[in-house]
Engineer: 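Here you go, one structure.
Start at 1 with the first residue, then count along the sequence.
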Amino acid sequence: MINKIHTLGGYFHEYQKSYSNPEDFWEQQAECLYWRKRWDKVIDWNFEEPRINWFVGAKLNITESIFEKNLYTHGDNTAIIWEPNDADEQAISLTYRQLYVEVNKFANALKSLGVKKGDRVALYMPMVPELAIALLACARIGAIHSVIFAGFSAQSLADRINDAGAKVVLVSDGGYRGSKITPLKEIADEAIEQCPVVESVVVLKRTKCDIQMVGGRDIWWHDIIDGQDEYCPAEEMDAEDPLFILYTSGSTGKPKGILHTIGGYMVYTAYTFRNVFQYSRGDVYFCTADIGWITGHSYIVYGPLLNGAQTLMFEGIPTWPDAGRFWDIVDKHQVNQFYTAPTAIRSLLSLGNEYLAGKRLDSLKVLGTVGEPINEDAWHWYHDHVGKNRCPIVDTWWQTETGGVLISPLAGITPTKPSFATLPLPGVFPVIVDNEGKELKGNSVEGNLCIKFPWPGMARTIWGDHDRFRDTYFTSFKNYYFTGDGVRRDEDGYYRILGRVDDVINVSGHRLGTAEIENAINEHPLVNESAVVGYPHAIKGQGIYAFVVCPILSTGGEEGIRKSIKEGVSKIIGPIARPDLVQLVPGLPKTRSGKIMRRILRKIAEGDATNLGDISTLLDEDIVGKIIDSALVDV
Ligand code: PRX
C-alpha cells in the first residue's frame with residue numbers, strides 16, 4: 001500500500017522529512033511498489049545539462065506494480081468502470097484480473113505486429129476501455145505510448161506521429177461526442193498519408209460508421225486480439241526507460257514531445273493520487289479528463305490503478321443529453337472523488353441549478369479541479385451546490401511536464417482557500433523569483449514560479465530535442481526548473497497560481513501556444529501576418545483573440561475572411577484552437593527590432609486601452625490608435 005498522510009500535523013512532518021532528506025523520503029515511497037531489482041542510487045541529477053535520473057539502476061515493469069503485486073489480494077476488485085456516451089448503453093466494469101487478461105492479450109497482439117521495446121505506438125482514440133488497455137499493453141512490452149487527443153486535426157496528428165516516429169497507430173472507426181460522431185479513422189487516414197514510418201493501423205469498431213480499411217496496413221482490433229495468449233511476460237525495463245511521450249504546446253515553435261520515464265513517474269503518480277484525493281480502498285473515483293491529456297494519463301490510468309483503485313472512465317461530454325450528466329454518473333456509480341476542470345464547472349454553473357435538482361450527490365467525499373485557475377464564483381458554486389458544503393475542494397496545480405500534482409491541498413487535511421492551490425506536496429520545493437532571477441523569500445510575494453529540486457515525476461527531456469528541453473525550462477533561472485507560471489505566496493504561505501507568464505494561453509484548460517495559432521492563421525492566402533493573445537473569457541477562462549493583417553479583402557468581405565481564418569485554424573490544429581475573435585488591423589505594434597509588443601495587444605484585447613504604458617519604443621506609435629479605432633465587429 002502507498003503511504004498515506006492522515007492529518008495536517010502528519011503533512012508538515014512528512015514535508016519537513018522530505019525537505020531535510022529527499023532521497024530517504026522518496027526511497028520510502030518507492031518501497032511501496034514492486035521492483036525486480038532495487039536501485040543503486042535514489043537520484044543522480046543536475047539542472048544544468050539537465051540530467052535527471054531517479055532510482056538509478058533499478059529494474060521493473062510498471063504493469064507488475066498494477067497487476068502481479070496485487071492480483072492475489074484484490075484481483076476481483078473493480079479496476080475500471082466505463083460509462084458510455086449514451087446513458088442507455090450498458091456501462092462496463094472490469095476487475096483487475098479481467099483488465100490483466102485484456103492487457104496481456106493486446107500486448108501479444110502488438111508483439112504480433114512486430115512492436116518491440118522502445119518502439120513508439122500512437123493512439124488516436126475516444127474514451128473507451130480499450131484506450132486504457134492499450135496504454136498498459138504498451139507498458140507491458142516496453143513500447144512507448146503517445147496518445148494524441150482525439151480532437152486534434154489530421155495535420156496535428158501527422159506532425160505528432162512523425163515526430164515520435166510511431167510505426168503503429170491505434171484508432172477507432174469513430175468516436176461518440178454527445179449527439180455527434182467524430183470520424184477518427186477518416187482523419188487518421190488523411191494524417192497517415194503524410195507518415196511514411198507507419199506500418200500498421202489497428203482499428204477498433206466503436207461507432208460502426210463507414211470507413212475504408214487499407215489493405216496490408218489496417219487490421220481490426222477484434223481480429224488481432226482473437227486467439228492471443230492471455231499471458232504476456234512483462235518486459236524488464238530500466239527505471240529511466242521511457243514510458244510515454246505526450247505532446248504539449250510551448251510559447252514558440254511546434255508542440256513538444258514531453259517524455260516521462262517509468263520508475264519516477266510510477267512512484268510520483270501513485271503517491272500523489274493517494275494523498276491528494278485521500279483515496280481509500282473501495283472508493284469510486286471519477287476524473288472527467290480525457291486520456292489524451294496528462295491528467296488522464298496520471299489520474300485516470302496510472303495513479304489510480306497503482307493504488308488498486310476503482311477508476312471511472314466517461315466517454316461522453318458534460319452537457320449531453322443534458323447538463324446534469326456528470327451528476328447522473330455520480331449518483332449511478334456512487335462516485336466518492338470527483339475531479340474536473342474549472343471550465344466544466346463554469347459552463348455548468350452558467351446553465352443553471354435546475355440540472356442539479358433531484359440529484360443526490362451524497363456519495364461525494366472529495367472534489368478536485370485542475371488545468372487552470374478557478375475563480376471564486378466557480379469555486380463557491382462547486383463547493384456549495386455540488387459538494388453541498390461537505391466536500392473539500394482540492395485545487396491541484398501541475399503541468400504535463402511535472403507528471404503529477406505539485407501544489408495542492410490534501411483533501412480534508414489542508415485547510416482550503418478559494419482559488420488557492422495552497423501548499424506544495426512533500427518532496428516539492430517551490431521558489432518564487434523576480435524577473436532577474438532573485439529569489440523572493442518569505443510571504444506576501446509575487447513572481448515567477450520555479451522548483452529548485454527534482455521530484456520523481458518530472459519530465460526528463462523533449463523527445464528528440466534535449467537542447468530545447470534545457471532552453472525552455474532550465475535557462476531562464478539558473479539551477480531552477482521554470483514552470484512558465486506566475487504565482488503569489490500570500491501572508492499564510494499559501495500559493496495562488498496567477499496564470500502563464502509566457503506566450504502560452506490556456507483555453508478551457510487546454511494549453512495552446514500563440515505562435516502555433518499564428519502559424520496556422522498565416523497559412524491563409526490573404527493574411528500577411530498575425531498576433532494572437534489571450535483575453536478573459538467567462539466560460540473558457542481565456543479566449544483566443546487574433547489581430548490579423550490582411551490588406552486585400554476577398555469577395556466575402558471582412559466577415560467572410562474572419563470566418564475562413566477561424567475555419568482554417570480549426571482545420572490545421574483542431575477545433576480547440578479556433579480563435580474566438582478575429583480583428584483585422586492595418587498593422588501590428590512592433591519595436592524597431594521587429595518584435596511584436598504583445599503587452600499592448602493584450603490590453604486592447606482585454607478592453608483596457610486606457611493605460612498602455614510606454615509605447616515610445618514602437619516603430620510606428622500611430623498604429624496603436626489605428627488598432628483601437630478599427631472597431632471589432634466579429635462573426
Ligand atoms: O498555467 C498552469 C495551468 O495549466 C498549465 C499546465 O497545462 P498542461 O500542461 O496542459 O496541464 C494541465 C493539467 C495538469 C500550468 O502551467 N494550471 C494547471 N493547473 C492549474 C493551473 N493554473 C491554476 N490552477 C491550477 N490548479
Engineer: Quickly, which of Tyr302, Tyr265, Tyr285 forms a ring-ring contact (aromatic ring centres under 6.0 Å, His included) with Phe273? Name it, please.
Structural biologist: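 Only match with Phe273 under ring-ring contact (aromatic ring centres under 6.0 Å, His included): Tyr285.
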Engineer: Arg325 vs Glu83, test: salt bridge (Lys or Arg N to Asp or Glu O under 4.0 Å). Steps then yes/no.
Structural biologist: CA-CA 11 Å; Arg325 186 68 195 277; Glu83 172 70 20; 2.7 Å; yes
Engineer: For Lys105, is there an ion pair with Glu130 - N to carboxylate O distance below 4.0 angstrom?
Structural biologist: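 Not counted as a salt bridge, because no side-chain N and carboxylate O are separated by less than 4.0 Å.
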Engineer: With the threshold set at 4.0 Å, does a side-chain nitrogen-carboxylate oxygen contact exist between Arg496 and Asp490?
Structural biologist: no
Engineer: Using every non-hydrogen atom in the two residues, find where Leu406 and Trp398 come nearest and quote the distance to one decimal.
Structural biologist: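 For Leu406 versus Trp398, the nearest heavy atoms are N-CB, 3.8 Å.
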Engineer: Would you call Lys540 and Asp580 a salt bridge, using N to O less than 4.0 angstrom?
Structural biologist: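 Here Lys540 pairs with Asp580 in a salt bridge, since their nearest N and O are under 4.0 Å apart.
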Engineer: Does the salt bridge (Lys or Arg N to Asp or Glu O under 4.0 Å) test come out yes or no for Asp492 and Lys417, once each step is laid out?
Structural biologist: CA-CA 11 Å; Asp492 298 324; Lys417 268 190 212 184; 2.7 Å; yes
Engineer: Any ion pair linking Glu401 and Arg511 (charged N to carboxylate O, less than 4.0 Å)?
Structural biologist: yes
Engineer: Do you know which of Val147, Leu246, Ile148, Ile245 makes side-chain contact (heavy atoms from CB on, under 4.5 Å) with Arg160?
Structural biologist: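 Passing option: Ile148.
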Engineer: Please work out whether the ring planes of Phe152 and Phe149 are parallel, tilted or perpendicular, with thresholds of 30° and 60°.
Structural biologist: perpendicular
Engineer: Going through the checks in order, is the salt bridge (Lys or Arg N to Asp or Glu O under 4.0 Å) test met by Lys571 and Glu190?
Structural biologist: CA-CA 12 Å; Lys571 175 106 186 61; Glu190 190 188 331; 3.4 Å; yes
Engineer: Near Asn389 CG, under 6.0 Å, is it more than 12 heavy atoms from other residues, nucleotides or ligands?
Structural biologist: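 Count over threshold, so yes.
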Engineer: Does the ring of Tyr495 carry Arg488 above it, NZ/CZ under 6.0 angstrom from centre and within 45° of its axis?
Structural biologist: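 No, Arg488 does not sit over the ring of Tyr495.
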Engineer: For Thr182 and Ala150, which heavy atoms make the closest approach, and how far apart are they?
Structural biologist: CG2-O, 4.3 Å
Engineer: Looking only at heavy atoms, what is the nearest atom pair of Glu376 and Ser419, with distance?
Structural biologist: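 Shortest heavy-atom separation between Glu376 and Ser419 comes out as CG-OG, 4.0 Å.
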Engineer: Using the salt bridge (Lys or Arg N to Asp or Glu O under 4.0 Å) rule, take Arg602 and Asp503 through it: C-alpha gap first, then chi angles, then the decisive distance, then the call.
Structural biologist: CA-CA 11 Å; Arg602 264 186 228 117; Asp503 289 324; 3.3 Å; yes
Engineer: Is the number of heavy atoms from other residues, nucleotides or ligands under 6.0 Å of Arg97 CZ greater than 12?
Structural biologist: yes
Engineer: Verify the ring-centre separation between Trp82 and Phe314: is it less than 6.0 angstrom?
Structural biologist: no
Engineer: Flag the pair Asp173 and Lys208 as a salt bridge only when some basic side-chain nitrogen lies within less than 4.0 angstrom of an acidic carboxylate oxygen.
Structural biologist: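 Here Asp173 does not pair with Lys208 in a salt bridge, since their nearest N and O are not under 4.0 Å apart.
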Engineer: Using a strict cut-off of less than 4.0 Å between a Lys/Arg side-chain nitrogen and an Asp/Glu carboxylate oxygen, indicate whether Asp384 and Lys388 qualify as a salt bridge.
Structural biologist: no
